[in-house]
S.K.: 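The following block contains the structure, expressed as structure tokens.
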Amino acid sequence: MSEKSQDMKDLAARAIESDAVLAELVENLSGASRRIRQISAAVLAQVAKESPDRLIDYAGAVVDALNRPEAQTRWECLDVLTALVDRDSRVCDRAVSGAETALFDEESGPVRLAAMRFLCALGATTENRSEKVWPLVDEAIQCYHGDLEFQDMLVAVVDFSAGKLSPTVKSELAERMKFDAENSRGALKRRAAQIIENVS
């Protein structure tokens with residue numbers, strides 16, 4: 001492990017233990033330094049993996065950070081919000097607009113992928129949410145078919161397809177994946193078939 005990633009892990013461990021350290025990292029998300037915003041967002045994403053409950057009270061600041069110009073801060077914050085979906089989905093609803101912007105970011109594949117993961121996780125929680133995010137998920141499936149991140153995006157869509165989707169979304173998702181299930185090969189074919197099976 002590199003020294004930098006070990007430092008991040010150490011800082012995340014301190015943030016899990018200390019309210020003051022955690023609050024400072026969250027405050028850094030709105031600071032003037034791009035580098036400090038990125039580092040803080042990366043540490044918070046690590047905290048979210050290990051102890052997501054620690055971040056529930058700060059979800060609003062994380063949603064706000066989706067407006068920062070640099071890609072890394074946005075994708076790390078989307079990862080935090082994805083970890084919070086099953087803990088406080090209502091505050092995550094406020095992130096849909098920022099996630100939509102990130103989903104169609106032409107500059108950054110990791111931002112697009114993080115947005116897809118977030119939207120699929122949120123959309124899987126209720127039928128109403130599935131209908132709200134489905135047009136975005138559907139457009140992304142069409143836009144990024146064949147892109148480098150597409151296979152990872154499909155993993156998120158598989159999880160989405162196993163969620164609480166409305167009958168309309170289930171039907172449209174099955175229709176969207178039908179071509180790949182019938183005509184593709186390898187992982188794409190398997191994932192498309194799995195999605196259709198999940199919504200059948």
S.K.: For Lys178, look at atom NZ and say whether over 12 heavy atoms of other residues, nucleotides or ligands are found less than 6.0 Å away.
M.R.: no
S.K.: Return yes when atom CD of Glu70 has more than 12 non-hydrogen atoms of other residues, nucleotides or ligands closer than 6.0 Å, and no otherwise.
M.R.: yes
S.K.: Indicate yes or no for a side-chain donor-acceptor contact from Ser130 to the backbone of Ser166 under 3.5 Å, with no hydrogens or angles considered.
M.R.: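 Yes, because the side chain of Ser130 sits within donor-acceptor range (under 3.5 Å) of the backbone of Ser166.
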S.K.: Flag yes if more than 12 heavy atoms outside Glu27 fall under 6.0 Å of its CD atom; otherwise flag no.
M.R.: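 No.
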S.K.: Answer yes when Arg176 and Asp180 have at least one side-chain N-carboxylate O distance shorter than 4.0 Å, and no when they do not.
M.R.: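 No, Arg176 and Asp180 are not salt-bridged.
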S.K.: When rounded to the nearest 0.5 angstrom, what distance separates CG in Asn67 from OG1 in Thr73?
M.R.: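 OG1 of Thr73 is found 11.5 Å from CG of Asn67.
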S.K.: Would the number of heavy atoms belonging to other residues, nucleotides or ligands and lying under 6.0 Å from CD of Gln142 be above 12?
M.R.: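 Yes, CD of Gln142 has more than 12 neighbouring heavy atoms, counting only those of other groups under 6.0 Å.
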S.K.: Rounded to the nearest 0.5 Å, what separates atom CG in Asn198 from atom NZ in Lys170?
M.R.: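 Going from the CG atom of Asn198 to the NZ atom of Lys170 covers 9.5 Å.
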S.K.: At their closest point, which heavy atom of Phe150 faces which heavy atom of Leu188, and how far apart are they?
M.R.: CE2-CD1, 3.8 Å
S.K.: Consider only side-chain heavy atoms of I, L, V, M, F, W and Y, link residues closer than 4.5 Å, and tell whether Trp75 and Val43 are in one cluster.
M.R.: no
S.K.: Any side-chain to backbone donor/acceptor pair from Ser18 onto Arg14? Under 3.5 Å, distance only.
M.R.: no
S.K.: Can you name the residues that form a side-chain contact (heavy atoms from CB on, under 4.5 Å) with Ile56, not counting sequence neighbours?
M.R.: Asp53, Leu84, Arg87, Asp88
S.K.: Any donor-acceptor pair under 3.5 Å linking the side-chain atoms of Arg191 with those of Gln151?
M.R.: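 Checked: Gln151/Arg191 side chains pair up, N/O donor to acceptor below 3.5 Å.
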S.K.: Any chance you could measure Asp138, atom CG, to Cys143, atom SG, to the nearest 0.5 Å?
M.R.: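 Result: 9.5 Å between the selected atoms.
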S.K.: Is Val63 reachable from Val111 through a run of I, L, V, M, F, W or Y residues, each pair having side-chain heavy atoms under 4.5 Å apart?
M.R.: no
S.K.: Donor-acceptor check, side chain of Lys189 to backbone of Ala181, threshold 3.5 angstrom: yes or no?
M.R.: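 The answer is yes, because a donor-acceptor pair under 3.5 Å joins these two groups.
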S.K.: Aromatic rings Phe160 and Trp134: how do their planes relate, parallel, tilted or perpendicular, breaks at 30° and 60°?
M.R.: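 Ring orientation of Phe160 relative to Trp134: parallel.
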S.K.: Should Arg37 and Arg34 count as side-chain neighbours, where that means a heavy-atom distance under 4.5 Å?
M.R.: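 In contact.
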S.K.: Are Asp152 and Met116 close enough that some pair of their side-chain heavy atoms sits under 4.5 Å apart?
M.R.: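 A side-chain contact under 4.5 Å is absent here.
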S.K.: What closest approach, in Å, do Leu66 and Ala99 show between heavy atoms, and which atom pair accounts for it?
M.R.: CD1-N, 4.2 Å
S.K.: Say whether, by atom type as modelled, one donor and one acceptor occur between the side chain of Thr125 and the main chain of Leu122 under 3.5 angstrom.
M.R.: yes
S.K.: Taking all non-hydrogen atoms of both residues, which atom of Leu165 and which atom of Ser161 are closest, and how far apart?
M.R.: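 Where Leu165 meets Ser161 most closely, the heavy atoms are CD1-CA, 3.8 Å.
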S.K.: Applying a strict under-4.5 Å side-chain criterion to I, L, V, M, F, W and Y, I'd like to know whether Leu29 and Met8 cluster together.
M.R.: yes
S.K.: Do any N or O atoms from the side chain of Thr82 and from the backbone of Leu78 form a donor-acceptor pair under 3.5 angstrom?
M.R.: yes
S.K.: Without hydrogens or angle criteria, can the side chains of Glu24 and Asn28 be said to hold a donor-acceptor pair below 3.5 Å?
M.R.: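 The answer is no; no qualifying pair exists.
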S.K.: Might you work through the side chain to side chain donor-acceptor pair (under 3.5 Å) test for Arg74 and Thr101, ending with a clear yes or no?
M.R.: CA-CA 10 Å; Arg74 287 181 286 134; Thr101 302; over 6 Å; no
S.K.: Could you please spell out the steps behind the side-chain contact (heavy atoms from CB on, under 4.5 Å) verdict for Ser30 and Arg68?
M.R.: CA-CA 8 Å; Ser30 57; Arg68 302 299 168 265; 3.6 Å; yes
S.K.: Do the side chains of Lys132 and Leu136 get nearer than 4.5 Å, heavy atoms only?
M.R.: no
S.K.: Just so I know, are the side chains of Val62 and Val26 near enough to count as touching, which here means a heavy-atom distance under 4.5 Å?
M.R.: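 No, every pair of side-chain atoms sits at 4.5 Å or beyond.
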S.K.: Could you grab the distance from atom CZ of Arg129 to atom CZ of Arg90, nearest 0.5 Å is fine?
M.R.: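 Result: 8.5 Å between the selected atoms.
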S.K.: Minimum heavy-atom separation for Val91 and Ala59, please, with both atom names.
M.R.: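 Closest heavy-atom pair between Val91 and Ala59: CG1-CB, 3.4 Å.
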S.K.: Is there a side-chain contact (heavy atoms from CB on, under 4.5 Å) between Gln38 and Glu76 once you walk through the steps?
M.R.: CA-CA 8 Å; Gln38 288 175 193; Glu76 304 281 15; over 6 Å; no
S.K.: Within this structure, what is the CD1-CG distance for the pair Ile39 and Leu44, rounded to the nearest 0.5 Å?
M.R.: 12.0 Å
S.K.: Heavy atoms only: give me the nearest Ala114-Asp79 pair and the separation to one decimal.
M.R.: CB-OD1, 3.7 Å
S.K.: Go through it in stages, so that I can follow the logic: the residues are Cys120 and Asp159, the test is side-chain contact (heavy atoms from CB on, under 4.5 Å), and I'd like the CA-CA distance, side-chain angles, deciding distance and then a yes or no.
M.R.: CA-CA 7 Å; Cys120 285; Asp159 292 341; 5.9 Å; no
S.K.: Between Ser51 and Val47 (side chain of the first, backbone of the second, donor and acceptor by atom type, cut-off under 3.5 Å), is there such a pair?
M.R.: no
S.K.: How many angstroms lie between atom CG of Leu22 and atom CZ of Arg54, to the nearest 0.5 angstrom?
M.R.: 5.0 Å
S.K.: Of all heavy-atom pairs between Gln46 and Ala12, which one has the smallest distance, and what is that distance?
M.R.: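 Shortest heavy-atom contact: CG-CB, 3.5 Å.
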